[in-house]
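Worksheet: one structure, shown below.
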Amino acid sequence: MPEMGVLRFITENCLGAKEGKRVYFGEYRHQIDEKGRIRIPPKLKAQLGENPFITRGSNNCLIVLPEKDAVRIFDEKFRSLDLLDPVNSKSVRLMASSGFKAEEDKAGRILLPQHLIRHAKLSKNVVTIGAYNRVEIWSEENWNAYSDIGDEEFDECLKTLPDKRGDKADE
């Protein structure tokens, strides 16, 4: 049964606080106000720390990371790139220029830049999810369309995950 392999993987690897890893789980539904301000759900906010880094993600979502993790990830991904190569330069420019260090106002809200609101197609209802090593912010409409899959497709997704031994979850 594929779920058992995934549950074992999550318990043995993902929840590994012993390694000091940050792992994000959950789905939180809330709203963005007319000025483009949101609140990060408290359970996720506690892990993200003050002034998280927010940037564009794939599938029209936003990625939220602790600032220290964002610096480390950018450094790992971009350090060895030939920045004179136009394709590499474009990737670096698009990711770095779209991100910002978030700051909360006195009411605990973060003002999102308009270019990120447009990218994620955020209007009123927002879904913030824990996505293992990052937090993502989605428009409710996009998240519902993306995550509305049947049991069979869900099981197929689970089969692609390795278990602790490196085998596929259903093997």
Side-chain angles (χ1 to χ4, degrees), residues 6 9 13-14 16 19-28 30 32-41 44-45 47-105 109-149 153-154 156-162 166 168-169:
V6 172
F9 178 82
N13 297 297
C14 300
E19 293 93 19
K21 294 178 184 176
R22 286 187 189 91
V23 182
Y24 306 95
F25 292 105
E27 177 181 296
Y28 307 87
H30 51 106
I32 185 170
D33 71 14
E34 65 281 347
K35 294 182 180 178
R37 298 174 298 194
I38 63 164
R39 285 188 174 89
I40 301 289
L44 298 174
K45 182 177 161 182
Q47 290 181 274
L48 290 167
E50 290 186 33
N51 309 112
F53 183 81
I54 303 176
T55 191
R56 291 171 63 154
S58 60
N59 302 105
N60 295 103
C61 76
L62 304 179
I63 296 173
V64 187
L65 297 163
E67 184 179 12
K68 188 169 92 173
D69 290 355
V71 169
R72 179 185 50 77
I73 290 168
F74 273 71
D75 187 48
E76 288 172 4
K77 293 289 183 191
F78 299 141
R79 177 184 328 134
S80 63
L81 290 180
D82 173 6
L83 296 179
L84 297 177
D85 178 285
V87 174
N88 292 342
S89 291
K90 185 174 185 176
S91 299
V92 171
R93 289 176 185 135
L94 290 175
M95 287 301 295
S97 67
S98 70
F100 79 107
K101 182 177 162 182
E103 294 183 17
E104 289 186 347
D105 63 13
R109 300 169 300 195
I110 294 172
L111 177 63
L112 294 174
Q114 285 301 310
H115 71 278
L116 292 180
I117 292 172
R118 283 191 304 274
H119 168 75
K121 298 180 169 86
L122 302 178
S123 54
K124 183 178 180 180
N125 295 320
V126 174
V127 181
T128 300
I129 65 164
Y132 175 62
N133 63 350
R134 64 191 176 280
V135 170
E136 295 179 348
I137 300 170
W138 292 72
S139 73
E140 183 178 60
E141 183 179 353
N142 285 350
W143 175 248
N144 289 344
Y146 181 85
S147 65
D148 185 23
I149 61 173
E153 187 177 351
F154 182 77
E156 287 301 312
C157 288
L158 294 179
K159 288 179 184 178
T160 66
L161 299 174
K168 297 293 182 191

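In this chain, numbering begins with 1 at the start of the sequence shown.
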Q: Would you indicate whether Phe78, at its atom CZ, is surrounded by more than 12 heavy atoms from other residues, nucleotides or ligands within a distance under 6.0 Å?
A: yes

Q. Is it true that a side-chain atom of His115 and a backbone atom of Ser98 form a donor plus acceptor pair closer than 3.5 Å?
A. yes

Q: Hey, could you give me the OG/CG distance between Ser139 and Asn125, rounded to the nearest 0.5 Å?
A: 9.5 Å

Q. Mind checking whether Val126 and Trp138 have side chains closer than 4.5 Å, heavy atoms only?
A. no

Q. Quick one: does Asn60's side chain have a donor or acceptor within less than 3.5 Å of a partner on His119's backbone?
A. yes

Q | Heavy-atom donor-acceptor pair, Arg56 side chain to Leu94 backbone, under 3.5 Å | A | no

Q: Would you mind reporting whether Arg79 and Glu76 have side-chain heavy atoms less than 4.5 Å apart?
A: yes

Q | Heavy-atom neighbours of Gln47 CD exceed 12 at 6.0 Å | A | yes

(Q) Would you compute the distance between atom CD of Glu156 and atom CG of Leu158 and round it to the nearest 0.5 angstrom? (A) 9.5 Å

(Q) Tell me every residue that passes side-chain contact (heavy atoms from CB on, under 4.5 Å) with Arg134, counting only those two or more places apart in sequence or in another chain. (A) Ile63, Leu65, Ala131, Glu136

(Q) So which atom in Val64 and which in Pro52 form the shortest heavy-atom distance, rounded to 0.1 Å? (A) CG1-CB, 3.8 Å

Q.
With salt bridge (charged side-chain N to carboxylate O under 4.0 Å, His left out) as the criterion, how do Lys45 and Glu104 come out once you've worked through the C-alpha distance, each side chain's angles and the decisive distance to 0.1 Å?
A. CA-CA 11 Å; Lys45 182 177 161 182; Glu104 289 186 347; 2.8 Å; yes

**Q.** Pairwise side-chain contact, Tyr28 with Val127, heavy-atom cut-off 4.5 Å (strictly under)
**A.** no

Q | Shortest non-hydrogen contact from Lys101 toward Phe53 | A | N-CD1, 4.3 Å

**Q.** Interatomic spacing from CD1 in Ile129 to CG in Leu44 - rounded to 0.5 Å
**A.** 9.5 Å

Q) How about Arg72: does its CZ atom have over 12 heavy atoms from other parts shown lying under 6.0 Å from it? A) yes

Q: Hey, could you give me the CG/CG distance between Asn51 and Leu48, rounded to the nearest 0.5 Å?
A: 11.0 Å

Q: Report the distance from atom OG of Ser123 to atom CD of Glu141, rounding to the nearest 0.5 Å.
A: 7.5 Å

Q: Give a yes or no on whether the ring-centroid distance for Tyr132 and Phe25 is below 6.0 angstrom.
A: no

Q. Minimum heavy-atom separation for Asp82 to Asn88, with atom names?
A. O-ND2, 3.0 Å

Q | Atom of Ile110, atom of Ile54 and distance for their closest heavy-atom approach | A | CG2-CD1, 4.3 Å

Q. Roughly how far, to the nearest 0.5 Å, is the NZ atom of Lys121 from the CG atom of Asn142?
A. 6.0 Å

(Q) Quick check: do Val23 and Asn133 have side-chain heavy atoms less than 4.5 Å from each other? (A) no

Q.
Would Leu83 and Val92 count as a side-chain contact (heavy atoms from CB on, under 4.5 Å) here? Give the steps.
A. CA-CA 8 Å; Leu83 296 179; Val92 171; 3.6 Å; yes

(Q) If you define the side chain from C-beta out and look only at heavy atoms, does anything of Met95 sit under 4.5 Å from Lys77? (A) no

Q) Between Asn59 (side chain) and Cys61 (backbone), is there a donor-acceptor pair under 3.5 Å? A) no

Q) Under 4.5 Å between any side-chain heavy atoms of Ile32 and Arg37, yes or no? A) no

Q.
With heavy-atom distances below 4.5 Å as the criterion, would you say the side chains of Arg22 and Pro66 are in contact?
A. yes

Q: Write down the atom of Ile117, the atom of Leu112, and the distance for their closest heavy-atom approach.
A: CD1-O, 3.6 Å

Q: State whether the number of non-hydrogen atoms from other residues, nucleotides or ligands found under 6.0 Å of Glu27 atom CD is greater than 12.
A: yes

Q. Quick one: are Val135 and Thr128 in side-chain contact, heavy atoms under 4.5 Å?
A. yes

